[in-house]
Amino acid sequence: MKNSEIASIFDRMADILEFKGELIFKINAYRKASRVLLEGAEDIEILAAQNRLGELPGIGKAIQEKILEYLREKRIAKYEELLATVPRELFELLSIPNYGPKTAALAYRELGIETLQDLKAAIDKGSLRDLPGMGDRKVEKIRQGIELRESASERISIGIALPIVEEVISYLRATGGDRILQIAPAGSVRRFRETVHDIDVLVETAVSAEIIRLFTEMPQVTRILAAGETKGSVLLDDRFQVDLRAVSPGSFGAALQYFTGSKEHNVRLRELARKKGLKINEYGVFAGEDKVAGEDEEALYAYLGMAWIAPELREDRGEIEAAVAQHLPNLVHLNELLGDLHIHSNQSDGHLTLEDMAAAVRARGYRYMAFCDHSQSAFYANGLSSDRLQHSKETIARLNEKWDDFVVLAGAEVEILADGRLDYSDEILKELDFVVASIHSGFKSDPTGRTIAAMQNPYIDLIGHPTGRLISRRKGLEIDLDKVIESAVLTGTALEVNSSWDRLDLQELHIKNAIEAGAKICINTDAHDSSQLDQMQFGVATARRGWATAKDVINTLSLERLKKWQKRNR
DNA sequence: GCCGTTTTCGGCCCGACTGTTTTCAGTCG
């Protein structure tokens with residue numbers, strides 16, 4: 001799909017226009033167009049061929065022409081023209097905190113700063129300091145910005161961010177005592193985005209300055225980025241940026257709504273409020289001078305005539321319209337999952353015995369689980385030969401005699417081999433209770449065709465981590481998910497939402513597409529140790545971000561109904 | 001540059017913090 005290519009050009013055009021001091025609304029138009037292209041499920045080439053570009057919100061005449069130009073000529077003349085008039089490393093420069101478009105333009109005009117190297121040299125020489133409106137402190141901020149960009153530029157995975165936010169909250173609760181009336185995560189952490197840029201916490205207190213001070217004095221703080229009356233921003237361990245906002249009693253709901261975002265969701269919400277003659281800010285909903293809502297989120301949304309929207313949905317992807325129409329999906333909840341269908345033991349590369357791991361899963365309150373250890377070709381993971389698989393099955397059969405409230409399914413995570421075959425014969429597969437098929441090698445050799453071939457095997461119930469991406473390390477397969485989803489629907493094979501916070505694969509937008517197409521998903525931990533069973537919350541949150549309800553998720557089924565589902569699709 | 005049960009022209013979300021300022025611009029979220 002060309003969507004992301006064009007989206008990134010529009011984003012860069014917005015950056016350039018901002019650098020050149022264009023009207024902010026024009027800039028925002030390009031940014032919005034970029035987002036619509038990136039998040040729209042539909043292939044821009046297909047839309048263009050059907051003459052339907054104008055149906056996309058925020059895509060007007062001028063932008064349509066640029067899209068068509070790109071599809072025709074693989075370039076956009078206007079973009080290239082603009083590019084020639086700005087610093088060579090403009091986009092890198094603009095990514096430096098505290099070095100925005102205005103400053104970059106001034107430094108380019110007066111000092112000819114085109115690159116990061118130029119900028120560093122101008123700081124060292126003192127020439128940046130001599131520019132109008134500059135002072136020692138501003139230059140120091142920019143210097144720190146460069147440092148920050150070079151050390152802490154990576155986005156933080158939700159699995160790292162959540163424990164940090166919990167630590168900050170418990171620290172503030174402990175030190176702030178009853179001065180803290182309410183405290184909660186906000187921002188992208190509360191929305192459970194797969195990665196976050198910084199970590200937001202919101203506190204309700206009558207003594208905000210005191211709480212901000214406690215916050216900036218936390219032992220893990222290595223740098224204070226800002227500290228005012230109601231807002232503090234720090235760097236923890238030189239890596240994680242945490243922002244604390246403090247609000248006075250009565251405004252917590254409005255502030256929580258506001259600081260949870262997303263920005264796009266909030267913009268839409270405020271537009272909607274304006275049309276009703278209301279104003280929303282972080283202190284409440286106002287009709288003229290009168291505050292009409294603000295203490296809690298539910299009341300705020302209700303006052304705007306809409307249902308409360310789960311934070312995971314707040315991305316302006318249709319949730320506002322759905323909330324107004326009272327048609328929000330009833331999102332799947334962690335406690336609706338009755339089983340975890342992708343678990344490893346020390347028979348392959350897990351850490352616990354079958355018995356200990358099964359006991360740990362049962363202790364989480366599940367009704368069933370499936371051991372899906374690796375298959376024979378997965379040497380790196382101590383994959384099971386057919387003899388060892390048979391041995392595992394016998395152990396599992398004995399385990400099942402122990403419990404009458406919990407069933408252990410004997411399964412496998414069978415390799416989809418590089419040549420497209422599966423790593424166990426059909427004779428072996430058909431004797432298993434649940435089979436996941438996954439790609440762990442041969443990433444380049446036709447992953448789409450191999451995945452589809454695996455789905456056509458009647459004994460494959462689930463495709464494990466379909467794209468193979470690792471959030472912090474690997475981009476993932478070049479796989480045509482539209483085709484995979486289509487085949488999943490045809491063959492009745494489920495697609496995994498792998499809860500491991502480094503995978504979260506399928507991703508939220510793929511989940512939404514899959515569900516809309518009628519495919520089923522299965523949320524699993526892929527746990528190799530008992531502690532990893534906790535990661536289910538990330539998979540559930542990701543599924544919720546993909547608008548999944550319980551009926552879309554096969555492991556919300558009772559075991560009996562799960563077996564019926566399998567039988568129908570085998 | 002986009003968009004319209006207030007509008008085809010005139011709007012376009014809102015506020016905190018910082019630093020360099022005699023009243024505000026730039027940056028950020």
Side-chain angles (χ1 to χ4, degrees), chain A residues 10 13-14 17-19 21-36 53-67 78 93-107 129-142 144-145 148 186-189 191 196-202 208-209 212 216 224-234 241-247 251 254-255 257-286 304 316 320:
Chain A
F10 286 163
M13 286 182 76
L17 294 172
E18 198 170 16
F19 172 84
E22 263 289 356
L23 219 54
I24 186 68
F25 308 111
K26 193 166 173 175
I27 295 158
N28 286 341
Y30 278 104
R31 291 210 205 285
K32 177 167 187 195
S34 166
R35 203 175 74 88
V36 166
L53 286 180
E55 290 176 17
L56 296 174
I59 308 284
K61 194 157 163 286
I63 289 186
Q64 280 181 53
E65 277 169 12
K66 291 186 176 68
I67 293 172
K78 181 73 182 170
L93 289 172
L94 290 182
S95 72
I96 298 167
N98 310 315
Y99 193 72
K102 294 287 190 290
T103 314
L106 180 70
R129 165 71 183 80
D130 294 335
L131 291 176
M134 276 292 162
D136 287 333
R137 281 199 281 221
K138 245 182 179 174
V139 173
E140 176 56 17
K141 284 256 169 196
I142 293 167
Q144 286 182 6
L148 193 64
S188 42
V189 172
R191 302 199 315 279
V196 304
H197 178 257
D198 50 24
I199 297 168
D200 295 302
V201 179
L202 179 71
S208 60
I212 300 291
T216 57
I224 298 171
L225 301 171
E229 275 288 305
T230 65
K231 178 186 167 180
S233 181
V234 301
Q241 185 179 332
V242 185
D243 295 347
L244 179 72
R245 301 291 299 238
V247 295
S251 292
Q257 193 291 315
Y258 177 76
F259 292 115
T260 296
S262 66
K263 190 177 171 184
E264 291 78 11
H265 175 89
N266 286 354
V267 167
R268 287 294 313 282
L269 208 62
R270 286 172 189 214
E271 278 172 8
L272 196 131
R274 279 178 66 91
K275 286 182 183 154
K276 292 175 181 282
L278 303 167
K279 188 178 85 164
I280 310 180
N281 57 26
E282 56 260 59
Y283 305 109
V285 181
F286 294 86
L304 296 171
D316 187 25
I320 289 178

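Below, each value reflects all heavy atoms present in this structure, side chains not excepted, and no hydrogens, waters or symmetry copies. Naming convention: chains lettered A, B, ... in sequence-line order (proteins, then strands); numbering from 1 in each chain.
- When the nucleotides B:dC12, B:dA16, B:dC14 are ranked by their closest atom to the side chain of A:K279, B:dC14 comes out on top.
- Nucleotides of DNA chain B nearest to A:L225 and A:N28 differ in position, and the one nearer the 5' end is that of A:N28.
- Atom-to-atom, CG of A:D200 to P of B:dG15 comes out at 19 Å; the value is rounded to the nearest Å.
- Distances shorter than 4.0 Å separate none of the side-chain N or O atoms of A:N266 from OP1 or OP2 on B:dC13.
- In this model, the phosphate group of B:dC17 is not approached by any side-chain N or O of A:S233 to a distance below 4.0 Å at OP1 or OP2.
- A salt bridge does not link A:D316 to A:K263: none of the charged side-chain nitrogens sits closer than 4.0 Å to a carboxylate oxygen.
- Looking at which nucleotide of DNA chain B each of A:Y30 and A:D136 is closest to, the 5′-most match is held by A:Y30.
- Between A:D136 and A:E140 the shortest side-chain heavy-atom distance does not fall below 4.5 Å.
- Between B:dC17, B:dC13, B:dG26, one nucleotide has an atom nearer to the side chain of A:E229 than all others, and that is B:dC17.
- As judged by a 4.0 angstrom heavy-atom cut-off over every strand, A:I96 is placed among residues touching the sugar-phosphate backbone only.
- Taking only distance into account, the side chain of A:Y258 meets the base of B:dG29 through a donor-acceptor pair shorter than 3.5 Å.
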Give each protein N/O atom lying under 3.5 Å from an N/O atom of nucleotides 3-7 of chain B, with the pair distance.
unit_1	atom_1	unit_2	atom_2	d
B:dC3	OP1	A:G58	N	2.7

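- Side-chain proximity of A:P97 to the nucleotides B:dC28, B:dA16, B:dT27 is greatest for B:dC28.
- In this structure, A:K141 atom NZ and B:dG19 atom P are separated by 5 Å, rounded to whole Å.
- A:F19 is linked by a ring-ring contact (aromatic ring centres under 6.0 Å, His included) to A:Y108, counting only residues two or more places apart in sequence or in another chain.
- In textbook terms, a nucleotide whose glycosidic angle is within 90° of 0 is syn, and B:dT7 is one such case.
- Salt bridge status for A:E18 with A:R31: present, with a side-chain N to carboxylate O gap under 4.0 Å.
- A 4.5 Å side-chain heavy-atom check between A:I199 and A:D243 finds every atom pair outside the cut-off.
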